[in-house]
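Not measured: the values here are computed from a predicted model. Computed over heavy atoms, backbone and side chain alike; hydrogens, waters and symmetry mates excluded.
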Amino acid sequence: MSAPAPSPLAIVDAEPLPRQDEVLTDAALAFVAELHRRFTPRRDELLARRTERRAEIARTSTLDFLPETQAIRVDDTWKVAPAPAALEDRRVEITGPTDRKMTINALNSGARVWLADFEDASAPTWENVVTGQLNLIDAYTRNIDFTDPRSGKAYALKPAEELATVVTRPRGWHLDERHLQLDGTPVPGALVDFGLYFFHNAQRLIDLGKGPYFYLPKTESHLEARLWNDVFVFAQDYVGIPRGTVRVTVLIETITAAYEMEEILYELRDHASGLNAGRWDYLFSIVKNFRDGGSKFVLPDRNLVTMTAPFMRAYTELLVRTCHKRGAHAIGGMAAFIPSRRDAEVNKVAFEKVKADKDREANDGFDGSWVAHPDLVPIAMASFDAVLGDKPNQKDRLREDVSVAAGDLIAVDTLDAKPSYDGLRNAVAVGIRYIEAWLRGMGAVAIFNLMEDAATAEISRSQIWQWINADVVFENGEHATADLARTVAAEELATIRAEAGEEAFAAGKWQQAHDLLLQVSLDQDYADFLTLPAYEQLR
C-alpha cells in the first residue's frame with residue numbers, strides 16, 4: 001500500500017488577493033511545505049536555545065567568545081566562497097519594503113544593491129507578503145510600472161544595466177506566518193518568504209546573472225547560520241541548481257552573534273558573501289540580554305549612542321577585520337535621514353552628518369553601506385568612491401591592527417552620556433507613531449525626518465522598559481516610572497489628536513498603538529519581540 005500524500009499547506013483566514021495564484025502555486029506551496037517539514041523542528045529547538053542562553057546571561061551578566069569553536073577562529077586557511085560578479089561592488093545599498101513604487105525607485109536609485117525587505121521595513125500583512133513576491137517577479141520580467149494616484153506621477157524601470165542588484169531579506173526565525181499552516185501549525189515566516197521567492201526566481205535570477213541573493217536577519221548564533229546553510233543546500237538540490245549559487249549576507253544585529261562572527265561565516269562559507277553592521281537592533285539586543293545587569297548596562301537616549309561610542313566601535317572594527325580575514329564583504333550601517341522638501345537647513349545639517357558617517361565607514365575599511373532614501377545615494381557613493389576609486393571593494397585591507405577583547409563589546413558604561421527626559425518623550429513619540437503605522441500595514445515610516453522601521457520601535461520600548469526597571473533619575477529630577485511613562489504617552493496621544501484632527505485620529509489606530517507600546521514597555525515580563533504581540537493585532 002502506498003504512503004498517503006503529504007498534507008497540503010492550508011491558506012488560513014486570508015481574503016483572496018488579485019493574482020495570488022501566480023505566487024501560491026501548488027508546486028511553490030509543496031516546496032514551502034517540504035521546507036517546513038524538514039527544518040521547522042530545528043528552528044523550534046534553536047528558539048528554545050535562545051531562551052536558555054538569555055537565562056545564562058541573566059545569571060552571569062557577561063558574554064565571551066566560544067571556547068568550543070576556537071579551532072575555527074585560529075585556523076587561517078579557510079575563506080568564504082568568492083563573490084559573484086553582481087556582488088563584487090556593493091559600495092552603496094538602499095533598503096526598503098517591496099511595495100510597487102519602492103521596488104521601481106530602489107532598482108532605479110543608482111545604488112549597487114537593493115535590500116528588498118520582507119522583514120523590519122514591511123509589516124507582514126498577508127497582502128504585503130504575497131504582493132511583495134509578485135512585485136519582485138514583475139520587476140525581473142520587466143512587467144512593472146506604477147502611477148501615483150495622488151500626484152499622477154508615473155514610474156518605470158530604467159534599462160537593465162542601470163538597475164540595482166536585489167538582495168532579499170526574509171523574516172527572522174522567531175516570526176510565524178499564521179496564514180499558511182500545515183496540519184494546524186503555522187509555517188515560519190522565514191521559510192515562507194525565502195521559499196516563495198527562491199522557488200519562483202532562482203533560475204530567473206541565474207539567467208540575469210544576479211542571484212539568488214539574501215540578507216539574513218536577527219541571527220543569534222552560528223547554529224542558526226548552520227540551519228540556514230542546510231536550507232540553502234536542500235533548496236538548491238530541490239530545484240536543480242548548483243550548490244553555492246545562493247549567496248547570503250548576515251546581519252550582525254544581536255550581541256550574541258557579535259561573539260560568533262567567524263563561526264557564522266564558517267557555517268555559511270559556501271554561501272556567504274558578507275556581514276552587515278546593524279545599529280538599532282544591535283542596541284535592542286544589548287538591552288534585552290543584559291536587562292538584569294544593573295546600571296553599567298543602562299543605555300542613554302538612542303540618538304546619543306553613535307557608532308563612535310567605544311563599544312560600538314569595537315563591534316564595527318571587529319566586523320571589518322573578521323570579514324576581510326575570511327574574504328567577505330563588510331557592509332556598514334544605515335543612514336536613515338529623509339530629506340525635507342521644505343527645509344534646506346535641516347537637509348544641510350543632516351547631509352553633513354551622513355557624509356561624516358559614510359566617510360568614517362569607508363576609512364575604517366567597510367566595503368559599502370546602507371541608505372534609506374535615493375537622495376542619499378550620491379552622498380554615500382562619494383564617500384566610498386573617495387576611498388575605493390576604481391576598486392570594487394577593499395577586502396585587501398585586513399585591519400590586523402584591530403584587537404577586540406570580549407569585554408570591549410559590552411562596555412556600555414564607557415559611553416559618557418545619560419538617559420534624559422527628552423529621550424523618554426522621544427521614545428514614546430516615535431514608538432506610538434511607528435506602531436500605529438505598522439498596525440495599518442506600513443513597516444517603513446518617515447518620523448521626524450528619519451526613516452524608521454521595526455528596530456526603531458524595539459529600541460524605543462526597550463529603553464523605556466530599561467530606564468523604569470533601573471530606576472533612572474533624569475536631569476530634571478524626575479524618576480523613570482511606569483506612571484511617568486503613562487503620563488508622557490497620554491500627552492503624546494493628545495498631541496497627535498490635536499495635530500491630526502478628530503476624524504483622522506478616529507480613522508487611525510492611535511489608541512491601539514498607545515496601548516501596545518505601554519504593554520511592551522511596562523510589563524514586568526519583557527516580551528522578546530514587540531512584533532510578536534503586535535502581529536496578533538495585525539489585520
Item to check | V488 side chain reached by Y421 side chain, heavy atoms, under 4.5 Å | outcome: yes
Checklist entry - When you measure from the side chain of R247 to the backbone N and O of S273, does any donor-acceptor pair fall under 3.5 Å? => result no
Checklist entry - Do R279's NZ or CZ and the ring of Y282 fall within the cation-pi criteria of under 6.0 Å and 45°? => result no
Checklist entry - Should the pair F290 and F297 be assigned to parallel (<30°), tilted (30 to 60°) or perpendicular (>60°) ring geometry? => result parallel
Next on the checklist: Restricting to side chain to side chain donor-acceptor pair (under 3.5 Å), what partner residues turn up for R291, sequence neighbours left out?
Outcome noted: none
Item to check | Which atom of A123 lies closest to which atom of G441, heavy atoms considered | outcome: CB-C, 3.6 Å
Next on the checklist: Just to verify, what does W465 make a ring-ring contact (aromatic ring centres under 6.0 Å, His included) with, not counting sequence neighbours?
Outcome noted: Y526
Item to check | side-chain contact (heavy atoms from CB on, under 4.5 Å) involving A116 - partner list, sequence neighbours excluded | outcome: T98, W114, L136, V166, T168
Checklist entry - Just checking, any donor-acceptor pair under 3.5 angstrom between side chains of N469 and Q524? => result yes
Checklist entry - Will you find, in the side chains of N289 and S285, an N or O donor that is under 3.5 Å from an N or O acceptor? => result yes
Checklist entry - Are W280 and F284 near enough that their ring centres are under 6.0 Å apart? => result no
Next on the checklist: Are there over 12 heavy-atom neighbours, none belonging to E475, within less than 6.0 Å of that residue's CD?
Outcome noted: yes
Checklist entry - What pairs with F199 under ring-ring contact (aromatic ring centres under 6.0 Å, His included), at least two apart in sequence or on another chain? => result F31
Next on the checklist: I'd like to know if the side chain of E262 pairs up with that of T322 as donor and acceptor (distance under 3.5 Å, no hydrogens or angles considered).
Outcome noted: no
Checklist entry - Is there a side-chain contact between L196 and V32, using heavy atoms and a 4.5 Å cut-off? => result yes
Next on the checklist: Once salt bridge (charged side-chain N to carboxylate O under 4.0 Å, His left out) is applied, do any residues pair with K353, and if so which ones, sequence neighbours excluded?
Outcome noted: none
Next on the checklist: Is the distance between the ring centroids of W438 and Y535 under 6.0 Å?
Outcome noted: no
Checklist entry - Do other residues, nucleotides or ligands put more than 12 heavy atoms under 6.0 Å from the OH atom of Y266? => result no
Checklist entry - Any chance the rings of F214 and Y197 have centres within less than 6.0 Å? => result yes
Next on the checklist: Restricting to salt bridge (charged side-chain N to carboxylate O under 4.0 Å, His left out), what partner residues turn up for D301, sequence neighbours left out?
Outcome noted: none
Next on the checklist: Within the supplied structure, the quantity of interest is the number of heavy atoms (other residues, nucleotides, ligands) at a distance under 6.0 Å from N476 CG; does it exceed 12?
Outcome noted: yes
Next on the checklist: Can you list everything that forms a side-chain contact (heavy atoms from CB on, under 4.5 Å) with A507? Sequence neighbours excluded, please.
Outcome noted: none
Next on the checklist: Checking side-chain polar atoms at under 3.5 Å, does N229 have a donor or acceptor matched by the opposite partner on H271?
Outcome noted: yes
Checklist entry - Just checking, R497 and F505: is the charged tip under 6.0 Å from the six-membered ring centre and within 45° of the axis? => result yes
Checklist entry - Is there side-chain contact between H174 and L47, with at least one heavy-atom pair below 4.5 Å? => result yes
Item to check | Residue pairs involving residues 444-467 (criterion salt bridge (charged side-chain N to carboxylate O under 4.0 Å, His left out); sequence neighbours excluded) | outcome: R302-E452, E458-R461
Item to check | Greater than 12 external heavy atoms within 6.0 Å of E68's CD | outcome: yes
Checklist entry - Which residues pass the side chain to side chain donor-acceptor pair (under 3.5 Å) test with Q133, sequence neighbours left out? => result none
Next on the checklist: Holding to side-chain contact (heavy atoms from CB on, under 4.5 Å), I want the full list of residues that pass it with D523, two or more places apart in sequence or in another chain.
Outcome noted: Q519
Next on the checklist: Apply side-chain contact (heavy atoms from CB on, under 4.5 Å) to residues V187 and L9 and explain how you reach the verdict.
Outcome noted: CA-CA 9 Å; V187 180; L9 287 184; 3.8 Å; yes
Next on the checklist: Please evaluate residues V129 and D193 with respect to the criterion side-chain contact (heavy atoms from CB on, under 4.5 Å), reporting the C-alpha separation (whole Å), side-chain torsions for both, the decisive distance (0.1 Å), and the verdict.
Outcome noted: CA-CA 7 Å; V129 168; D193 300 338; 4.2 Å; yes
Checklist entry - Among pairs that include at least one residue of residues 427-436, which meet salt bridge (charged side-chain N to carboxylate O under 4.0 Å, His left out), considering only residues two or more places apart or in two chains? => result R433-E492, R433-E499, E436-R440
Item to check | Side-chain heavy atoms of L66 within contact of H222, under 4.5 Å | outcome: yes
Checklist entry - How would you list, by chain and number, every residue that makes a side-chain contact (heavy atoms from CB on, under 4.5 Å) with D471, sequence neighbours excluded? => result H479
Item to check | Sub-4.5 Å side-chain heavy-atom contact between Q20 and W126 | outcome: yes
Next on the checklist: Can you confirm whether the side chains of S369 and E361 place a donor and an acceptor under 3.5 Å from each other?
Outcome noted: yes
Checklist entry - Closest heavy-atom contact between G274 and A328? => result CA-CB, 3.8 Å
Item to check | Check: I496 and I432 side chains under 4.5 Å, non-hydrogen atoms | outcome: yes
Item to check | Trace of the ring pair (Phe, Tyr, Trp, His ring centres under 6.0 Å) decision for W173 with F39 | outcome: CA-CA 11 Å; W173 280 128; F39 299 111; 8.4 Å; no
